[in-house]
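Report on the following structure.
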Amino acid sequence: MRFGVVLISEGGTRARWTATCRRAEALGYDVIAVPDHLNLMAPFPTALLAAEVTERPVIGTYVLNASFHRPALLAREAATVDLLIDGRLELGLGTGYVREEFEAAGLPFGAGHRVRALERLVGELDGLLGGRTPPLMIGGHGDRVLRLAARRAEIVSFTGAPFRPEYGRTALVDAAELTRRVVFAREAAGPRAADLELNVLSKATVLTRDRRAGVESLRRYAPDLTTEQLLEVPTLFAGTPEDIAEQVRRHEKTFGFTYVTVMEPAMDDFGKVIELLR
């Protein structure tokens, strides 16, 4: 079982960033990941600094927006960073999902455009890197993205959160739909299925003795799910550290998730769960 945390660099300083990275390592996280959004610091410089001030964790990108990166330029960046951090890079890619960022960058937002950009990027990276490719993670939810991940990546990350036009953002699906997504990816992988590492991205963690109230406080992530569905969805955690540790164990058995990633606001609380799972 591996545990990762996506650190948010908005409004950060060198001192704050280095302290947060060291805190993540001290809490037992195996992967420190950096996101790729226009309102945040650039991913590769922050990844390089994260590696410089830590010793053990893998340094990941969760996830680079494929539309923002040209294959040859990304290959150079990834190869350089991986070299400078002694092979600790985990390269995570996705399609991006924030319409305003695409508009600001002058890029088309349509799903077809975004998926084709990811497919093109993945298709060219291996050749450009000459076989020196860091472990590749592809994250997403739709058929084309999961099929690509299953066939080309070492790690398939399930976001369980498709873009919902009625909300103008992503929203979480229930456990039954996520089960179908896992089955789809395994079938698409064919003989590679046994070698895939399955990751799940958790949107939030609430430590509480009242699990029902805890998940209700997270309803904004899944407005159309019932309370019972919120309690079962593997992309939210609510309960005592012991409750959540049991959720993680159950999700490993049910979905095959052996790699769990949380967001920075949950870092300290989920760190209490990691203690119980080691």
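- Counting heavy-atom neighbours within 6.0 Å of Glu55 CD, excluding the residue itself, gives a total of 12 or less.
- Between Glu119 and Arg152 there is no salt bridge, since none of the side-chain N atoms of the basic residue sits less than 4.0 Å from a carboxylate O of the acidic one.
- Paired with Glu264 under the rule salt bridge (Lys or Arg N to Asp or Glu O under 4.0 Å), one option of Lys203, Arg16, Arg23 passes, and it is Arg16.
- Minimum interatomic distance between Phe3 and Val248 (heavy atoms only, all atoms of both residues): CE2-CG1, 4.3 Å.
- Asp243 has no carboxylate O lying under 4.0 Å from a charged side-chain N of Arg209, or vice versa, which leaves the two without a salt bridge.
- Remark: Asp143 engages Arg181 in a salt bridge, criterion side-chain N to carboxylate O under 4.0 Å.
- Side-chain contact of Asn65 with His37: a donor-acceptor pair under 3.5 Å is absent, judged by distance alone.
- Geometrically, Arg2 engages Tyr259 in a cation-pi contact, judged by NZ or CZ lying under 6.0 Å from the ring centre and within 45° of the ring axis.
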Using the rule given for salt bridge (Lys or Arg N to Asp or Glu O under 4.0 Å), can you reason through Glu252 versus Arg249, listing the C-alpha separation, both sets of side-chain angles and the distance that settles it, and then say yes or no?
CA-CA 5 Å; Glu252 180 183 8; Arg249 293 188 188 101; over 6 Å; no
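- The closest side-chain donor-acceptor pair between Thr261 and Asn199 falls under 3.5 angstrom.
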Working note: Leu231 + Arg212, criterion side-chain contact (heavy atoms from CB on, under 4.5 Å); need CA distance, chi angles, decisive distance, verdict.
CA-CA 7 Å; Leu231 287 167; Arg212 298 182 73 86; 3.8 Å; yes
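- Between Phe102 and Phe68, the ring planes lie tilted relative to each other; the angle falls in the 30° to 60° range.
- A cation-pi arrangement is found for Arg169 relative to Tyr167, the charged atom lying closer than 6.0 Å to the ring centre and inside a 45° cone about the ring normal.
- Hydrophobic clustering, with ILVMFWY side chains joined whenever heavy atoms are under 4.5 angstrom apart, keeps Met137 apart from Leu121.
- The side-chain contact (heavy atoms from CB on, under 4.5 Å) test with Val145 is passed by exactly one of Val115, Thr159, Val156: Val115.
- Under the 4.5 Å side-chain heavy-atom criterion for ILVMFWY residues, no single connected hydrophobic cluster contains both Val63 and Val260.
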Decide yes or no on side-chain contact (heavy atoms from CB on, under 4.5 Å) for Val173 and Phe158, but give the supporting numbers first.
CA-CA 11 Å; Val173 300; Phe158 294 86; over 6 Å; no
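- Of all heavy-atom pairs between Pro35 and Pro43, the closest is O-CB, 3.6 Å.
- A distance-only check finds a donor-acceptor pair linking the side chain of Glu101 to the backbone of Leu38 [under 3.5 Å].
- With contacts defined as side-chain heavy-atom distances shorter than 4.5 Å, the pair Pro57/Tyr29 does not qualify.
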Please report the C-alpha distance between Val206 and Phe237 in whole Å, then the side-chain angles of each, then the deciding distance to 0.1 Å, and finally whether the side-chain contact (heavy atoms from CB on, under 4.5 Å) criterion is met.
CA-CA 6 Å; Val206 175; Phe237 293 121; over 6 Å; no
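- Here the closest heavy-atom approach between residue Leu89 and residue Ala78 is recorded as CD2-O, 3.6 Å.
- At a threshold of 4.5 Å between side-chain heavy atoms, the hydrophobic network of Ile, Leu, Val, Met, Phe, Trp and Tyr places Val200 and Leu146 in one connected group.
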Begin with the C-alpha distance, continue with both residues' side-chain angles, and end with the deciding distance and a verdict on side-chain contact (heavy atoms from CB on, under 4.5 Å) for Asp30 and Arg56.
CA-CA 7 Å; Asp30 304 289; Arg56 183 184 52 81; 3.5 Å; yes
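- The aromatic rings of Phe255 and His251 stand perpendicular to each other, their planes meeting at an angle above 60°, with 30° marking the opposite boundary.
- Screening Thr20, Val6, Ile32 for a side-chain contact (heavy atoms from CB on, under 4.5 Å) involving Met267 leaves a single residue, Thr20.
- Under the 6.0 Å cut-off for aromatic ring centres, Phe163 and Phe109 qualify, their centroids lying closer than that.
- A distance-only check finds a donor-acceptor pair linking the side chain of Arg192 to the backbone of Arg151 [under 3.5 Å].
- No more than 12 heavy atoms of other residues, nucleotides or ligands sit less than 6.0 Å from atom CZ of Arg70.
- In plain terms, the two heavy atoms of Leu48 and Ile85 that are nearest each other are CD1-CG2, 3.6 Å.
- Side-chain N/O atoms of Glu216 and Thr227 include a donor and acceptor closer than 3.5 Å.
- Within the 4.5 Å cutoff, side-chain heavy atoms of Leu236 are placed close to those of Tyr221.
- Interatomic distance, Lys272 NZ to Leu207 CG, rounded to the nearest 0.5 Å: 6.0 Å.
- Leu64 is not connected to Leu40 by any chain of hydrophobic side-chain contacts under 4.5 Å among Ile, Leu, Val, Met, Phe, Trp and Tyr, and they are in different clusters.
- Using modelled atom types and a 3.5 Å distance limit, the side chains of Arg211 and Thr240 yield no donor-acceptor pair.
- Asp269 and Thr205 share no donor-acceptor pair across their side chains, judged by distance under 3.5 Å alone.
- Nearest heavy-atom pair, Thr61 versus Gly92, reported as atom, atom and distance to 0.1 Å: OG1-N, 2.8 Å.
- Of the possible donor and acceptor atoms, none in the side chain of Arg219 sits under 3.5 Å from a partner among the backbone N and O of Asp224.
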